[in-house]
Amino acid sequence: MPADTVITRFAPSPTGFLHIGGARTALFNWLFARHNKGEFLLRIEDTDRARSTPEATEAIFAGLKWLGLDWDGEAVSQFSRIARHGEVAAEMLARGTAYKCFATRDEIDAFRTEARAEGRPPLFLSPWRDADPSTHPQGAEFTIRLKAPREGKVVVEDKVQGRVEWDASSLDDLILLRSDATPTYMLAVVVDDHDMAVSHVIRGDDHLTNAARQILIYRAMGWQAPVFAHIPLIHGPDGAKLSKRHGALGIEAYRDLGYLPAALRNYLARLGWSHGDDEFFTSAQAIEWFGLEQVGKSAARFDFAKLENLNGRHIRATPDGDLVTALDEFIAAQHKPPLDAARKAMLTQAMPGLKDRAKTLVELIDISHYIISERPFHPEEKAAKHLAGDAPATLARLTVRLQNARRWTAGSLEESVRAFAEEEQIKLGRIAQPLRVALTGRTVSPGVFEVMETLGRDETLARLGDVAAAP
RNA sequence: GCACCCUUCGUCUAGUGGUCCAGGACGCCGGCCUUUCACGCCGGAAACACGGGUUCGAGUCCCGUAGGGUGUACCA
């Protein structure tokens with residue numbers, strides 16, 4: 001593989017579902033890799049054994065698959081690489097860029113508490129940094145710390161944030177290997193990113209200061225650091241950090257709400273990244289256009305109204321047959337009775353009139369109610385009003401005419417109903433609404449003549465009969 | 001506390017010193033279309049956080065203030 005191949009990775013920790021912020025990070029990595037014809041890798045950061053669960057790992061896989069973010073190769077378990085992490089720590093010890101620290105947790109905690117109380121920086125400077133090995137306590141537990149430079153600057157040339165620098169004195173000697181010999185996140189990411197030949201690290205900007213520390217580890221090992229790009233976080237509608245309490249729903253919640261993966265990708269890409277005034281685009285276009293240069297620096301708020309609008313546009317842009325398939329899968333996922341072939345055919349036929357009226361799959365099912373459900377219908381309360389007064393009598397007269405209709409198409413049906421309204425000297429609306437309610441049980445539906453055509457003569461007449469028979 | 005990042009309509013954003021009395025999109029308001037509701041179309045209200053500089057000229061550069069965010073773990 002050529003050295004200039006772009007390799008990105010998404011590295012979630014399996015401590016819960018794939019949330020929307022993680023999904024966007026994954027999306028940006030995927031977009032960047034695909035744009036550059038590189039690779040998009042997946043690594044599960046499961047070194048925290050207490051909090052990691054296999055269920056969460058599965059949820060992340062499922063979430064990425066549903067969103068359509070395919071990764072290259074097998075997902076890597078960070079925990080499985082624990083031996084290699086230990087090896088690197090040992091090498092750093094040998095190189096003199098790390099040291100054993102025998103300070104106990106209690107000592108460190110006490111130091112920090114005191115420092116804070118006195119208003120001093122709570123940076124723990126280990127007394128073991130330059131200790132002679134002969135003074136090391138025998139058999140005592142120890143951690144391995146990075147021997148970080150005490151002077152100078154640490155610079156991150158970030159593709160999104162620009163040049164950011166810290167005084168080395170503000171960074172502590174972070175722990176590389178815990179006292180139980182397991183690696184910390186800092187060590188593990190660096191070793192894994194290096195070994196996986198990751199060229200671009202694209203992640204949330206909550207990791208920006210971590211980049212400074214990680215660069216120190218790269219330096220200590222004499223490795224070349226990857227290109228960093230810290231993208232801004234997504235905030236909740238109230239501007240606060242997106243947390244579970246603030247509607248940071250798992251990706252599957254968006255699926256259940258009836259959003260299309262294509263729409264979610266579109267929306268998420270547009271959150272923080274732009275390509276001029278383009279708002280509505282396909283993933284192929286996003287891949288073609290994507291670049292780190294057009295990623296903004298400020299946090300964005302999640303806005304359901306806009307997602308919904310975009311979703312509606314994607315629904316309208318989806319071929320009718322695909323929409324029926326999506327509906328079928330959606331219904332199956334909800335454990336509802338599956339659609340039979342006749343209903344699927346009706347849905348496909350009616351879809352042009354249906355999809356204009358739905359912004360989500362949930363709404364699409366709702367507006368398709370007159371096809372999916374069985375007669376007889378019990379009209380909704382406000383719909384029933386259209387069946388009051390002389391409406392049933394008028395409907396009955398219309399039914400007779402309909403029974404003799406020669407052609408059963410929306411066009412000819414409209415002709416005869418219009419003619420009927422003229423004879424009765426009523427406005428079309430006076431008969432169309434009762435007709436709609438009789439046929440769908442609702443006041444809202446696609447054009448009533450299309451509904452009749454979709455339903456067919458027998459079903460239409462049967463529903464009209466139901467109304468006539470009602471008390 | 002300290003460090004770092006951010007700040008254009010309610011929201012997402014365009015804007016890389018003059019073409020910006022700031023453009024688009026969502027949402028909102030009004031209208032058209034119409035058998036309902038949508039879709040579509042037309043129109044409207046709505047923003048450069050504040051204060052100093054630099055410059056002939058600043059939304060665009062610099063400094064400060066305010067507000068927001070992130071980090072500061074033997075968590076990732």
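A note on names: the letters A, B, ... follow the listed sequences, proteins ahead of strands, and every chain is numbered from 1.
The side chain of A/Arg270 places no N or O atom within less than 4.0 Å of a non-bridging phosphate oxygen (OP1 or OP2) of B/C26. Within the 4.0 Å cut-off from OP1 or OP2 of B/C74, at least one side-chain nitrogen or oxygen of A/Arg112 is found. Of the side-chain N and O atoms in A/Ser179, none sit less than 4.0 angstrom from OP1 or OP2 of B/C74. The phosphate of B/G71 has neither OP1 nor OP2 within less than 4.0 Å of any side-chain N or O from A/Asn210. Put simply, A/Lys297 has a side-chain N or O that comes within less than 4.0 Å of OP1 or OP2 on B/C6.
A straight line from CG of A/Leu177 to P of B/C74 spans 13 Å, rounded to a whole angstrom. Atom CD1 of A/Ile367 is separated from atom P of B/C39 by 12 Å (rounded to the nearest Å). Atom P of nucleotide B/A73 and atom CG of A/Leu146 are separated by 15 Å, given to the nearest angstrom. When rounded to the nearest whole Å, the span between CZ of A/Phe449 and C1' of B/U35 equals 6 Å. Rounded to whole angstrom, the span from the CE atom of A/Met452 across to the C1' atom of B/U35 amounts to 12 Å. The distance between atom CD of A/Glu453 and atom P of B/U35, rounded to the nearest whole Å, is 18 Å.
A/Trp71 places no side-chain N or O within 3.5 Å of a backbone atom of A/Phe61 that could act as its donor or acceptor partner. One N or O on the side chain of A/Arg270 and one on the backbone of A/Asp278 form a donor-acceptor pair closer than 3.5 Å.
When heavy atoms are screened at a 4.0 angstrom cut-off, A/Ser445 is found touching base atoms of the nucleic acid. Residue-level contact check: A/Thr47 touches the backbone only, with heavy atoms under 4.0 Å from sugar-phosphate atoms and none from bases.
Residue A/Lys306 places a side-chain atom within donor-acceptor reach of the base of B/A25, judged by atom type and a 3.5 Å distance cut-off alone. With hydrogens and angles left out, the side chain of A/Asp277 and the base of B/G23 share a donor-acceptor pair within 3.5 Å. Put simply, the side chain of A/Arg357 and the base of B/C37 share a donor and an acceptor less than 3.5 Å apart.
Using N1 to N3 plus N6-O4 or O6-N4 for Watson-Crick, or N1-O2 and O6-N3 for G-U wobble, each under 3.5 Å, B/A73 pairs with nothing.
Distances were taken from every side-chain heavy atom of A/Glu45 (C-beta onward) to each of B/C5, B/C39, B/A76; the shortest belongs to B/A76. Closest to the A/Arg301 side chain, of the nucleotides B/C4, B/U7, B/U11, is B/U11. Residue A/Arg145 places its side chain closer to B/C74 than to any other of B/C74, B/U35, B/G1. Distance from the side chain of A/Thr209 is smallest for B/G71 among the nucleotides B/A25, B/C12, B/G71.
Residues A/Val76 and A/Asp192 are not in side-chain contact: their nearest non-hydrogen atoms beyond the backbone lie 4.5 Å or more apart.
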request  = Under the ring pair (Phe, Tyr, Trp, His ring centres under 6.0 Å) rule, what do A/His200 and A/Phe28 come out as? Steps first, then yes or no, please.
outcome  = CA-CA 11 Å; A/His200 296 253; A/Phe28 278 33; over 10 Å; no

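Comparing A/Leu428 and A/Leu123 by the nucleotide of RNA chain B that holds the closest heavy atom to each, the one mapping nearer the 5' end is A/Leu428.
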